[in-house]
Amino acid sequence: MDLTILIVKGIIILVIFGITLLIATYSTYAERKVAAFLQDRIGPNRAGPWGLLQPIADAGKMFFKEDFIPSQASKWLFILGPCLAMLTALMSSSVIPFADSIRFAWNKVNYEIPVQAIEINIGVLYIFGVVSLGVYGIMVGGWASNNKFSLLGAIRAASQNISYEIALGLSMIAILMMTGSLSVRAIVAEQASFFEWNVFTQPLGFVIFLTCAFAECNRTPFDLPECETELVGGYHTEYSSMKLGFYLFAEYINMFVSSAFISALYFGGFHYPFMNEVGSALEKSLGAIAGHNLATAIQFVVFFGKIFFFIFFFMWVRWTLPRFRYDQLMNLGWKTFIPLSILNVVVTGAGLLYNFKYATWLIAIVMIVLAVMSTARAPKQAVIPQRS
Amino acid sequence: MQLTNRSKQVSNKEMTLAEKMYLPAVVGGLAITIRHFFRKKPTIQYPEVKKYLGPVYRGHHILKRDEQGRERCTACGLCAVACPAEAISMVAAERKKGEENLYREEKYAAVYEINMLRCIFCGLCEEACPKQAVYLRHDRMVPVFQERDEVIYGKERLVEKMDDRYIRVANSEVKATPTEPSLTRAAT
(Lines give C-alpha, C1' and ligand atoms only; values in the text may rest on other atoms or scores of the structure.)
Protein backbone atom coordinates (compact mmCIF):
# COMPACT_ATOMS: atom_id res chain seq x y z
CA MET A 1 0.00 0.00 0.00
CA ASP A 2 1.03 3.54 -0.66
CA LEU A 3 2.78 5.21 2.26
CA THR A 4 0.61 8.33 1.97
CA ILE A 5 -2.52 6.26 2.29
CA LEU A 6 -1.06 4.52 5.32
CA ILE A 7 -0.21 7.81 7.01
CA VAL A 8 -3.61 9.35 6.31
CA LYS A 9 -5.33 6.16 7.45
CA GLY A 10 -3.27 6.24 10.62
CA ILE A 11 -4.31 9.83 11.28
CA ILE A 12 -7.97 8.95 10.66
CA ILE A 13 -7.77 5.99 13.03
CA LEU A 14 -6.13 8.13 15.72
CA VAL A 15 -8.75 10.84 15.32
CA ILE A 16 -11.61 8.34 15.51
CA PHE A 17 -10.05 6.67 18.54
CA GLY A 18 -9.60 10.05 20.21
CA ILE A 19 -13.12 11.14 19.41
CA THR A 20 -14.52 7.89 20.78
CA LEU A 21 -12.64 8.29 24.04
CA LEU A 22 -13.49 11.97 24.32
CA ILE A 23 -17.18 11.41 23.71
CA ALA A 24 -17.24 8.52 26.17
CA THR A 25 -15.54 10.72 28.78
CA TYR A 26 -17.91 13.59 28.29
CA SER A 27 -20.91 11.27 28.18
CA THR A 28 -20.40 10.75 31.90
CA TYR A 29 -20.69 14.50 32.38
CA ALA A 30 -23.61 14.72 29.97
CA GLU A 31 -25.36 11.91 31.77
CA ARG A 32 -25.17 13.70 35.09
CA LYS A 33 -26.25 16.96 33.52
CA VAL A 34 -29.15 15.39 31.62
CA ALA A 35 -30.24 13.46 34.70
CA ALA A 36 -30.21 16.66 36.71
CA PHE A 37 -32.16 18.60 34.09
CA LEU A 38 -34.79 15.90 33.77
CA GLN A 39 -35.20 15.98 37.53
CA ASP A 40 -35.33 19.79 37.81
CA ARG A 41 -31.84 20.01 39.29
CA ILE A 42 -28.72 21.73 37.99
CA GLY A 43 -26.08 19.04 38.09
CA PRO A 44 -22.31 19.36 38.26
CA ASN A 45 -21.30 23.00 38.07
CA ARG A 46 -18.35 23.37 40.43
CA ALA A 47 -15.32 22.02 38.54
CA GLY A 48 -14.55 24.46 35.77
CA PRO A 49 -17.08 26.53 33.83
CA TRP A 50 -20.48 24.78 34.00
CA GLY A 51 -18.67 21.84 35.57
CA LEU A 52 -16.90 20.97 32.34
CA LEU A 53 -13.81 19.69 34.14
CA GLN A 54 -15.91 17.22 36.10
CA PRO A 55 -14.88 14.14 34.03
CA ILE A 56 -11.22 14.98 34.64
CA ALA A 57 -11.86 15.30 38.36
CA ASP A 58 -13.73 11.99 38.30
CA ALA A 59 -10.88 10.30 36.46
CA GLY A 60 -8.38 11.70 38.97
CA LYS A 61 -10.43 10.31 41.80
CA MET A 62 -10.68 6.92 40.08
CA PHE A 63 -6.93 6.75 39.64
CA PHE A 64 -6.10 7.63 43.23
CA LYS A 65 -8.57 5.31 44.90
CA GLU A 66 -7.25 2.10 46.40
CA ASP A 67 -6.89 -0.63 43.81
CA PHE A 68 -8.22 -3.63 45.66
CA ILE A 69 -8.09 -7.28 44.59
CA PRO A 70 -9.92 -9.78 46.80
CA SER A 71 -7.56 -12.39 48.28
CA GLN A 72 -9.60 -15.32 46.95
CA ALA A 73 -10.02 -13.86 43.45
CA SER A 74 -8.01 -15.20 40.55
CA LYS A 75 -5.78 -12.24 40.07
CA TRP A 76 -5.06 -12.23 36.36
CA LEU A 77 -8.63 -12.91 35.29
CA PHE A 78 -9.70 -10.20 37.68
CA ILE A 79 -7.48 -7.73 35.86
CA LEU A 80 -8.40 -9.14 32.46
CA GLY A 81 -12.14 -8.55 32.91
CA PRO A 82 -12.22 -4.76 32.66
CA CYS A 83 -9.57 -4.83 29.94
CA LEU A 84 -11.75 -7.14 27.83
CA ALA A 85 -14.80 -4.96 28.35
CA MET A 86 -12.86 -1.87 27.31
CA LEU A 87 -11.12 -3.57 24.40
CA THR A 88 -14.26 -4.93 22.76
CA ALA A 89 -16.05 -1.64 23.25
CA LEU A 90 -13.23 0.27 21.56
CA MET A 91 -12.81 -2.27 18.76
CA SER A 92 -16.41 -1.99 17.69
CA SER A 93 -16.07 1.68 16.82
CA SER A 94 -13.68 0.93 13.98
CA VAL A 95 -16.18 0.10 11.21
CA ILE A 96 -18.39 3.14 11.61
CA PRO A 97 -18.33 5.28 8.44
CA PHE A 98 -18.16 8.81 9.82
CA ALA A 99 -18.34 10.59 6.47
CA ASP A 100 -17.94 10.02 2.75
CA SER A 101 -14.25 10.49 1.92
CA ILE A 102 -11.49 13.05 1.90
CA ARG A 103 -9.75 13.93 -1.35
CA PHE A 104 -6.32 15.42 -1.75
CA ALA A 105 -3.50 15.52 -4.26
CA TRP A 106 0.04 14.59 -3.20
CA ASN A 107 3.00 14.24 -5.58
CA LYS A 108 0.63 14.63 -8.52
CA VAL A 109 -1.39 11.62 -7.43
CA ASN A 110 -5.04 12.04 -6.48
CA TYR A 111 -6.10 10.23 -3.33
CA GLU A 112 -9.58 9.51 -2.08
CA ILE A 113 -9.72 7.99 1.39
CA PRO A 114 -12.97 7.14 3.17
CA VAL A 115 -13.40 8.56 6.69
CA GLN A 116 -13.62 5.22 8.42
CA ALA A 117 -11.04 3.38 10.48
CA ILE A 118 -11.27 0.14 8.53
CA GLU A 119 -13.34 -0.31 5.40
CA ILE A 120 -14.27 -3.99 5.24
CA ASN A 121 -17.00 -5.80 3.36
CA ILE A 122 -18.21 -7.68 6.42
CA GLY A 123 -18.61 -4.66 8.73
CA VAL A 124 -21.91 -5.86 10.15
CA LEU A 125 -20.59 -9.36 10.86
CA TYR A 126 -17.51 -7.85 12.45
CA ILE A 127 -19.57 -5.67 14.70
CA PHE A 128 -21.73 -8.59 15.82
CA GLY A 129 -18.66 -10.67 16.48
CA VAL A 130 -16.98 -8.01 18.57
CA VAL A 131 -20.11 -6.95 20.42
CA SER A 132 -20.89 -10.53 21.39
CA LEU A 133 -17.35 -10.82 22.77
CA GLY A 134 -18.17 -7.91 25.04
CA VAL A 135 -20.06 -10.20 27.37
CA TYR A 136 -16.77 -11.96 28.17
CA GLY A 137 -15.58 -8.82 29.91
CA ILE A 138 -18.52 -8.97 32.28
CA MET A 139 -18.46 -12.77 32.57
CA VAL A 140 -14.74 -12.98 33.34
CA GLY A 141 -15.01 -10.13 35.82
CA GLY A 142 -17.94 -11.72 37.60
CA TRP A 143 -16.28 -15.14 37.69
CA ALA A 144 -12.88 -13.93 38.82
CA SER A 145 -14.33 -11.90 41.69
CA ASN A 146 -15.11 -15.16 43.50
CA ASN A 147 -18.30 -13.68 44.86
CA LYS A 148 -21.77 -15.19 44.53
CA PHE A 149 -23.40 -11.88 43.76
CA SER A 150 -20.89 -11.01 41.10
CA LEU A 151 -21.26 -14.42 39.51
CA LEU A 152 -25.05 -14.14 39.50
CA GLY A 153 -24.81 -10.69 37.98
CA ALA A 154 -22.44 -11.95 35.31
CA ILE A 155 -24.72 -14.88 34.46
CA ARG A 156 -27.68 -12.58 34.23
CA ALA A 157 -25.66 -10.34 31.92
CA ALA A 158 -24.70 -13.27 29.72
CA SER A 159 -28.23 -14.64 29.35
CA GLN A 160 -29.60 -11.17 28.72
CA ASN A 161 -27.01 -10.38 26.08
CA ILE A 162 -27.58 -13.67 24.31
CA SER A 163 -31.35 -13.33 24.22
CA TYR A 164 -31.16 -9.81 22.87
CA GLU A 165 -28.41 -10.49 20.40
CA ILE A 166 -30.68 -12.87 18.48
CA ALA A 167 -33.42 -10.29 18.05
CA LEU A 168 -30.79 -7.66 17.25
CA GLY A 169 -29.35 -9.79 14.49
CA LEU A 170 -32.73 -10.79 13.11
CA SER A 171 -33.95 -7.21 12.94
CA MET A 172 -30.73 -6.34 11.13
CA ILE A 173 -31.24 -9.13 8.60
CA ALA A 174 -34.15 -7.28 7.03
CA ILE A 175 -31.82 -4.38 6.27
CA LEU A 176 -29.16 -6.71 4.90
CA MET A 177 -31.79 -8.25 2.63
CA MET A 178 -32.75 -4.84 1.31
CA THR A 179 -29.16 -3.71 0.80
CA GLY A 180 -27.65 -6.97 -0.30
CA SER A 181 -24.38 -6.19 1.41
CA LEU A 182 -22.73 -6.63 4.81
CA SER A 183 -20.70 -3.45 4.52
CA VAL A 184 -21.87 -0.65 6.75
CA ARG A 185 -20.85 1.90 4.13
CA ALA A 186 -23.04 0.18 1.54
CA ILE A 187 -25.99 0.22 3.93
CA VAL A 188 -25.44 3.94 4.52
CA ALA A 189 -25.11 4.56 0.78
CA GLU A 190 -28.42 2.81 0.21
CA GLN A 191 -30.20 5.45 2.27
CA ALA A 192 -29.18 8.41 0.12
CA SER A 193 -32.63 9.88 -0.31
CA PHE A 194 -34.57 10.93 2.77
CA PHE A 195 -37.62 8.69 2.39
CA GLU A 196 -35.47 5.62 1.91
CA TRP A 197 -33.89 5.91 5.33
CA ASN A 198 -34.36 2.55 6.92
CA VAL A 199 -36.36 4.00 9.78
CA PHE A 200 -39.11 4.71 7.22
CA THR A 201 -38.87 1.40 5.43
CA GLN A 202 -38.30 -0.69 8.57
CA PRO A 203 -40.27 0.89 11.42
CA LEU A 204 -40.73 -2.35 13.33
CA GLY A 205 -37.13 -3.40 12.81
CA PHE A 206 -36.04 -0.03 14.12
CA VAL A 207 -38.01 -0.35 17.35
CA ILE A 208 -36.66 -3.85 17.91
CA PHE A 209 -33.10 -2.81 17.08
CA LEU A 210 -33.28 0.23 19.36
CA THR A 211 -34.60 -1.78 22.28
CA CYS A 212 -32.06 -4.54 21.76
CA ALA A 213 -29.29 -1.96 21.53
CA PHE A 214 -30.35 -0.71 24.95
CA ALA A 215 -30.22 -4.24 26.28
CA GLU A 216 -26.85 -4.89 24.63
CA CYS A 217 -25.36 -1.81 26.27
CA ASN A 218 -26.75 -3.02 29.61
CA ARG A 219 -28.36 0.34 30.11
CA THR A 220 -31.52 1.14 31.97
CA PRO A 221 -34.23 -0.17 31.68
CA PHE A 222 -32.21 -3.31 30.94
CA ASP A 223 -29.33 -2.83 33.40
CA LEU A 224 -29.95 -6.13 35.10
CA PRO A 225 -26.31 -7.28 35.43
CA GLU A 226 -25.95 -4.59 38.06
CA CYS A 227 -28.85 -4.44 40.40
CA GLU A 228 -28.51 -2.98 43.86
CA THR A 229 -31.67 -4.46 45.27
CA GLU A 230 -31.01 -8.15 44.76
CA LEU A 231 -27.36 -8.34 43.72
CA VAL A 232 -25.50 -5.73 45.82
CA GLY A 233 -23.60 -4.23 42.88
CA GLY A 234 -23.79 -7.00 40.29
CA TYR A 235 -20.76 -8.18 38.38
CA HIS A 236 -18.61 -5.26 39.52
CA THR A 237 -19.29 -5.58 43.26
CA GLU A 238 -15.64 -6.38 43.99
CA TYR A 239 -14.14 -3.83 41.64
CA SER A 240 -12.68 -0.56 42.77
CA SER A 241 -10.75 2.39 41.40
CA MET A 242 -9.91 2.51 37.69
CA LYS A 243 -10.92 -1.12 37.09
CA LEU A 244 -14.46 -0.16 37.96
CA GLY A 245 -13.89 2.97 35.93
CA PHE A 246 -13.05 0.80 32.92
CA TYR A 247 -16.33 -1.09 33.23
CA LEU A 248 -18.31 2.10 33.47
CA PHE A 249 -16.28 3.68 30.70
CA ALA A 250 -16.87 0.65 28.46
CA GLU A 251 -20.59 1.15 28.96
CA TYR A 252 -20.32 4.70 27.70
CA ILE A 253 -18.23 3.68 24.71
CA ASN A 254 -20.83 1.01 23.95
CA MET A 255 -23.47 3.67 24.15
CA PHE A 256 -21.57 5.83 21.67
CA VAL A 257 -21.05 2.92 19.30
CA SER A 258 -24.71 1.89 19.54
CA SER A 259 -25.81 5.43 18.84
CA ALA A 260 -23.50 5.53 15.84
CA PHE A 261 -24.91 2.25 14.57
CA ILE A 262 -28.52 3.25 15.09
CA SER A 263 -27.91 6.41 13.10
CA ALA A 264 -25.87 4.61 10.44
CA LEU A 265 -28.26 1.71 9.95
CA TYR A 266 -31.61 3.44 10.34
CA PHE A 267 -31.12 7.18 10.07
CA GLY A 268 -29.09 7.44 6.91
CA GLY A 269 -25.69 7.73 8.57
CA PHE A 270 -23.99 10.86 7.30
CA HIS A 271 -26.75 11.57 4.80
CA TYR A 272 -28.99 14.58 5.18
CA PRO A 273 -31.70 15.97 2.88
CA PHE A 274 -30.31 17.80 -0.19
CA MET A 275 -26.82 16.47 0.53
CA ASN A 276 -25.92 15.95 -3.12
CA GLU A 277 -27.12 19.44 -4.07
CA VAL A 278 -25.09 20.98 -1.25
CA GLY A 279 -22.07 18.90 -2.20
CA SER A 280 -22.14 19.83 -5.90
CA ALA A 281 -22.76 23.50 -5.10
CA LEU A 282 -19.72 23.50 -2.80
CA GLU A 283 -17.58 21.76 -5.40
CA LYS A 284 -18.66 24.29 -8.01
CA SER A 285 -17.87 27.31 -5.85
CA LEU A 286 -14.73 26.13 -4.05
CA GLY A 287 -13.17 23.77 -6.57
CA ALA A 288 -13.34 20.00 -6.72
CA ILE A 289 -10.98 19.13 -3.85
CA ALA A 290 -11.73 21.86 -1.30
CA GLY A 291 -15.47 21.70 -2.00
CA HIS A 292 -15.57 17.94 -1.62
CA ASN A 293 -13.61 18.05 1.62
CA LEU A 294 -15.89 20.75 3.03
CA ALA A 295 -18.93 18.67 2.07
CA THR A 296 -17.31 15.72 3.88
CA ALA A 297 -16.81 17.89 6.95
CA ILE A 298 -20.49 18.84 6.88
CA GLN A 299 -21.41 15.14 6.66
CA PHE A 300 -19.16 14.50 9.65
CA VAL A 301 -20.95 17.17 11.66
CA VAL A 302 -24.39 15.89 10.60
CA PHE A 303 -23.47 12.36 11.58
CA PHE A 304 -22.30 13.52 14.98
CA GLY A 305 -25.49 15.47 15.42
CA LYS A 306 -27.42 12.23 14.97
CA ILE A 307 -25.08 10.37 17.33
CA PHE A 308 -25.45 13.02 20.00
CA PHE A 309 -29.19 12.89 19.68
CA PHE A 310 -29.15 9.15 20.28
CA ILE A 311 -26.75 9.45 23.20
CA PHE A 312 -29.18 11.97 24.63
CA PHE A 313 -31.99 9.55 23.89
CA PHE A 314 -30.19 6.79 25.82
CA MET A 315 -29.95 9.11 28.82
CA TRP A 316 -33.47 10.37 28.40
CA VAL A 317 -34.78 6.80 28.53
CA ARG A 318 -32.54 5.96 31.45
CA TRP A 319 -34.06 8.67 33.60
CA THR A 320 -37.61 7.92 32.47
CA LEU A 321 -38.12 4.19 32.72
CA PRO A 322 -37.64 1.98 35.75
CA ARG A 323 -35.64 -1.23 35.57
CA PHE A 324 -37.37 -4.32 34.17
CA ARG A 325 -37.95 -7.39 36.24
CA TYR A 326 -35.79 -10.25 35.07
CA ASP A 327 -38.62 -12.55 33.94
CA GLN A 328 -40.25 -9.64 32.08
CA LEU A 329 -36.95 -9.01 30.36
CA MET A 330 -36.66 -12.63 29.27
CA ASN A 331 -40.29 -12.67 28.11
CA LEU A 332 -39.74 -9.53 26.10
CA GLY A 333 -36.62 -10.93 24.48
CA TRP A 334 -37.70 -14.46 23.67
CA LYS A 335 -41.47 -14.29 23.39
CA THR A 336 -41.91 -10.88 21.82
CA PHE A 337 -38.87 -9.64 20.00
CA ILE A 338 -37.67 -12.84 18.37
CA PRO A 339 -41.08 -13.74 16.84
CA LEU A 340 -41.64 -10.14 15.82
CA SER A 341 -38.26 -9.85 14.16
CA ILE A 342 -38.79 -13.14 12.30
CA LEU A 343 -42.14 -11.79 11.12
CA ASN A 344 -40.34 -8.62 10.08
CA VAL A 345 -37.87 -10.65 8.02
CA VAL A 346 -40.67 -12.61 6.34
CA VAL A 347 -42.69 -9.52 5.48
CA THR A 348 -39.60 -7.72 4.20
CA GLY A 349 -38.81 -10.70 2.00
CA ALA A 350 -42.34 -10.71 0.61
CA GLY A 351 -42.07 -6.97 0.05
CA LEU A 352 -38.81 -7.43 -1.85
CA LEU A 353 -40.40 -10.15 -3.95
CA TYR A 354 -43.22 -7.83 -5.02
CA ASN A 355 -40.96 -4.81 -5.14
CA PHE A 356 -42.67 -2.92 -2.35
CA LYS A 357 -40.15 -1.43 0.08
CA TYR A 358 -42.58 -0.19 2.70
CA ALA A 359 -44.14 -3.62 3.30
CA THR A 360 -43.27 -3.74 6.99
CA TRP A 361 -45.56 -0.80 7.62
CA LEU A 362 -48.34 -3.38 7.23
CA ILE A 363 -47.25 -5.06 10.48
CA ALA A 364 -47.05 -1.73 12.23
CA ILE A 365 -50.51 -0.71 10.99
CA VAL A 366 -52.04 -4.04 11.95
CA MET A 367 -50.52 -3.74 15.43
CA ILE A 368 -51.78 -0.19 15.88
CA VAL A 369 -55.28 -1.18 14.75
CA LEU A 370 -55.30 -4.16 17.10
CA ALA A 371 -54.14 -2.00 19.96
CA VAL A 372 -56.80 0.64 19.34
CA MET A 373 -59.48 -2.04 19.06
CA SER A 374 -58.39 -3.69 22.26
CA THR A 375 -58.56 -0.35 24.07
CA ALA A 376 -62.03 0.30 22.71
CA ARG A 377 -63.26 -3.10 23.80
CA ALA A 378 -61.50 -2.98 27.12
CA PRO A 379 -63.74 -4.31 29.88
CA LYS A 380 -64.71 -1.83 32.54
CA GLN A 381 -62.50 -1.94 35.59
CA ALA A 382 -63.70 -4.65 37.88
CA VAL A 383 -65.23 -3.27 41.03
CA ILE A 384 -63.91 -4.90 44.15
CA PRO A 385 -66.57 -4.93 46.87
CA GLN A 386 -65.49 -2.78 49.78
CA ARG A 387 -65.02 -4.35 53.16
CA SER A 388 -67.55 -2.98 55.56
CA MET B 1 -64.50 1.50 56.89
CA GLN B 2 -63.12 4.50 55.11
CA LEU B 3 -60.57 6.53 56.96
CA THR B 4 -59.66 9.02 54.25
CA ASN B 5 -61.06 9.92 50.86
CA ARG B 6 -57.63 9.53 49.30
CA SER B 7 -57.69 5.74 49.15
CA LYS B 8 -57.46 4.30 45.68
CA GLN B 9 -59.32 1.33 44.26
CA VAL B 10 -56.92 -1.31 43.07
CA SER B 11 -57.77 -3.99 40.57
CA ASN B 12 -55.74 -6.63 38.81
CA LYS B 13 -57.61 -6.44 35.55
CA GLU B 14 -56.03 -7.87 32.44
CA MET B 15 -53.99 -5.36 30.42
CA THR B 16 -55.25 -4.42 26.98
CA LEU B 17 -52.98 -4.99 23.98
CA ALA B 18 -52.06 -1.31 23.84
CA GLU B 19 -50.91 -1.54 27.45
CA LYS B 20 -49.12 -4.80 26.84
CA MET B 21 -47.14 -3.23 24.01
CA TYR B 22 -45.63 -0.79 26.55
CA LEU B 23 -44.75 1.66 23.80
CA PRO B 24 -47.59 4.18 24.31
CA ALA B 25 -46.78 4.32 28.01
CA VAL B 26 -43.06 4.62 27.27
CA VAL B 27 -43.69 7.54 24.90
CA GLY B 28 -45.89 9.17 27.53
CA GLY B 29 -43.16 8.86 30.11
CA LEU B 30 -40.58 10.29 27.74
CA ALA B 31 -42.86 13.27 27.07
CA ILE B 32 -43.13 13.96 30.80
CA THR B 33 -39.39 13.86 31.38
CA ILE B 34 -38.56 16.04 28.39
CA ARG B 35 -40.96 18.67 29.69
CA HIS B 36 -39.02 18.68 32.92
CA PHE B 37 -35.79 19.05 30.97
CA PHE B 38 -36.80 22.54 29.84
CA ARG B 39 -38.42 23.60 33.09
CA LYS B 40 -36.93 26.36 35.22
CA LYS B 41 -34.75 24.89 37.93
CA PRO B 42 -35.76 25.67 41.49
CA THR B 43 -32.23 25.19 42.81
CA ILE B 44 -30.73 28.03 44.85
CA GLN B 45 -26.94 28.25 44.42
CA TYR B 46 -26.45 28.27 48.16
CA PRO B 47 -23.07 29.73 49.03
CA GLU B 48 -23.42 32.42 46.38
CA VAL B 49 -27.14 33.08 46.70
CA LYS B 50 -28.79 33.08 50.08
CA LYS B 51 -32.46 32.91 50.66
CA TYR B 52 -34.10 35.39 53.00
CA LEU B 53 -35.28 33.23 55.84
CA GLY B 54 -37.77 35.68 57.29
CA PRO B 55 -37.75 37.89 60.38
CA VAL B 56 -38.33 34.98 62.73
CA TYR B 57 -35.16 33.09 61.81
CA ARG B 58 -32.87 32.46 64.80
CA GLY B 59 -29.24 32.86 63.94
CA HIS B 60 -26.16 34.41 65.53
CA HIS B 61 -26.51 35.56 69.15
CA ILE B 62 -26.01 39.19 70.03
CA LEU B 63 -25.76 41.10 73.28
CA LYS B 64 -27.44 44.46 72.69
CA ARG B 65 -26.19 47.87 73.69
CA ASP B 66 -28.55 50.79 74.13
CA GLU B 67 -28.55 54.04 72.14
CA GLN B 68 -25.68 55.48 74.18
CA GLY B 69 -23.54 52.40 73.76
CA ARG B 70 -24.11 50.95 77.22
CA GLU B 71 -24.48 47.20 77.59
CA ARG B 72 -28.01 46.23 78.50
CA CYS B 73 -27.16 42.92 80.18
CA THR B 74 -27.34 42.93 83.96
CA ALA B 75 -26.14 39.37 84.42
CA CYS B 76 -29.38 38.27 86.08
CA GLY B 77 -28.87 34.76 84.78
CA LEU B 78 -32.42 34.22 83.57
CA CYS B 79 -31.17 33.32 80.10
CA ALA B 80 -28.87 30.68 81.56
CA VAL B 81 -31.77 29.29 83.59
CA ALA B 82 -34.05 29.25 80.57
CA CYS B 83 -31.48 27.60 78.35
CA PRO B 84 -32.46 23.93 77.92
CA ALA B 85 -29.06 23.02 76.57
CA GLU B 86 -27.17 24.79 79.34
CA ALA B 87 -25.04 26.60 76.85
CA ILE B 88 -24.93 29.97 78.57
CA SER B 89 -22.69 30.81 81.50
CA MET B 90 -21.75 34.15 83.00
CA VAL B 91 -19.89 35.85 85.80
CA ALA B 92 -21.48 38.97 87.25
CA ALA B 93 -19.59 42.00 88.45
CA GLU B 94 -20.40 45.36 90.00
CA ARG B 95 -20.10 48.54 88.05
CA LYS B 96 -17.27 50.82 89.27
CA LYS B 97 -17.38 54.57 89.34
CA GLY B 98 -16.62 56.02 85.91
CA GLU B 99 -18.03 53.05 84.04
CA GLU B 100 -21.53 54.49 83.71
CA ASN B 101 -21.07 54.96 80.00
CA LEU B 102 -20.21 51.28 79.62
CA TYR B 103 -22.93 49.47 81.56
CA ARG B 104 -26.50 50.57 81.94
CA GLU B 105 -27.10 49.32 85.49
CA GLU B 106 -25.06 48.61 88.56
CA LYS B 107 -24.56 44.96 87.81
CA TYR B 108 -23.10 43.68 84.58
CA ALA B 109 -21.69 40.52 83.04
CA ALA B 110 -17.95 40.51 83.35
CA VAL B 111 -17.84 37.21 81.45
CA TYR B 112 -20.64 36.02 79.21
CA GLU B 113 -20.09 32.85 77.25
CA ILE B 114 -22.24 30.77 74.96
CA ASN B 115 -21.09 27.31 73.97
CA MET B 116 -22.04 27.05 70.31
CA LEU B 117 -21.63 23.29 70.34
CA ARG B 118 -24.47 23.09 72.82
CA CYS B 119 -26.73 25.87 71.64
CA ILE B 120 -29.81 24.61 69.85
CA PHE B 121 -31.03 28.05 68.74
CA CYS B 122 -34.36 27.61 70.48
CA GLY B 123 -34.65 31.29 71.33
CA LEU B 124 -35.68 30.72 74.96
CA CYS B 125 -32.86 33.01 76.19
CA GLU B 126 -34.29 35.76 74.06
CA GLU B 127 -37.71 35.27 75.60
CA ALA B 128 -36.38 35.01 79.14
CA CYS B 129 -34.32 38.19 79.08
CA PRO B 130 -36.10 40.98 81.02
CA LYS B 131 -33.73 43.64 79.70
CA GLN B 132 -33.97 42.90 75.96
CA ALA B 133 -30.25 42.32 76.03
CA VAL B 134 -29.87 39.00 74.21
CA TYR B 135 -31.19 38.35 70.73
CA LEU B 136 -30.72 35.81 68.01
CA ARG B 137 -30.06 37.67 64.79
CA HIS B 138 -32.47 36.86 61.97
CA ASP B 139 -29.98 37.86 59.30
CA ARG B 140 -26.72 36.19 60.17
CA MET B 141 -25.74 32.60 60.82
CA VAL B 142 -23.07 31.38 63.17
CA PRO B 143 -20.04 30.82 60.95
CA VAL B 144 -18.64 27.36 60.43
CA PHE B 145 -15.85 26.45 62.84
CA GLN B 146 -13.03 23.98 62.39
CA GLU B 147 -11.43 24.08 65.85
CA ARG B 148 -13.02 23.14 69.13
CA ASP B 149 -11.59 26.14 70.95
CA GLU B 150 -13.37 28.45 68.54
CA VAL B 151 -16.80 27.38 69.65
CA ILE B 152 -17.16 29.13 73.00
CA TYR B 153 -18.27 32.63 72.15
CA GLY B 154 -17.22 35.26 74.68
CA LYS B 155 -18.27 38.83 74.97
CA GLU B 156 -15.87 39.99 72.29
CA ARG B 157 -17.92 38.06 69.75
CA LEU B 158 -21.35 38.63 71.21
CA VAL B 159 -21.59 42.27 72.21
CA GLU B 160 -22.75 44.29 69.24
CA LYS B 161 -20.56 46.90 67.60
CA MET B 162 -21.96 50.40 67.61
CA ASP B 163 -21.33 50.79 63.90
CA ASP B 164 -23.19 47.58 63.15
CA ARG B 165 -26.32 47.76 65.22
CA TYR B 166 -28.95 45.14 64.89
CA ILE B 167 -32.66 45.78 64.58
CA ARG B 168 -35.24 43.25 63.57
CA VAL B 169 -37.53 44.41 60.83
CA ALA B 170 -39.79 42.42 58.58
CA ASN B 171 -38.43 43.93 55.43
CA SER B 172 -40.10 42.45 52.40
CA GLU B 173 -37.55 44.06 50.10
CA VAL B 174 -34.75 41.94 51.49
CA LYS B 175 -34.77 38.84 49.35
CA ALA B 176 -31.65 37.11 50.54
CA THR B 177 -30.07 36.85 53.93
CA PRO B 178 -27.56 39.66 53.78
CA THR B 179 -24.03 39.03 54.80
CA GLU B 180 -22.77 42.61 54.55
CA PRO B 181 -23.20 44.60 57.78
CA SER B 182 -24.42 47.65 55.89
CA LEU B 183 -27.74 46.08 55.09
CA THR B 184 -28.68 45.53 58.69
CA ARG B 185 -27.36 48.74 60.20
CA ALA B 186 -29.89 50.28 62.48
CA ALA B 187 -31.47 53.62 61.80
CA THR B 188 -30.87 54.87 65.36
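Chain letters run A, B, ... following the sequence lines, proteins first, then strands; residues in each count from 1. All values reported here derive from a predicted model rather than from experimental measurement.
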Atom group of B:Ile32 that falls short of 4.5 Å from chain A, counting heavy atoms: neither

Side chain, backbone, both or neither of A:Ile42 within contact of chain B (heavy atoms, under 4.5 Å): both

Option that, when pairs with chain B are counted at under 4.5 Å, heavy atom only, ranks first among A:Val34, A:Leu38, A:Ile368: A:Leu38

A:Phe314 and A:Phe214 aromatic ring geometry - parallel, tilted or perpendicular at 30°/60° bounds: parallel

Test: A:Asp327 and A:Arg325 ion pair at under 4.0 Å: yes

Toward chain B, the part of A:Trp319 with a non-hydrogen atom under 4.5 Å: backbone

Winner by heavy-atom pair count (cut-off under 4.5 Å) against chain B, out of A:Met367, A:Gln39, A:Arg46: A:Arg46

Under 4.5 Å from a heavy atom of chain B, the part of A:Val317 involved: both

Polar side chain donor-acceptor pair, A:Glu31 to A:Tyr252, under 3.5 angstrom: yes

Heavy-atom neighbours of A:Lys61 NZ exceed 12 at 6.0 Å: no

Cationic tip of B:Lys64 above B:Tyr166 ring, under 6.0 Å, 45° of axis: no

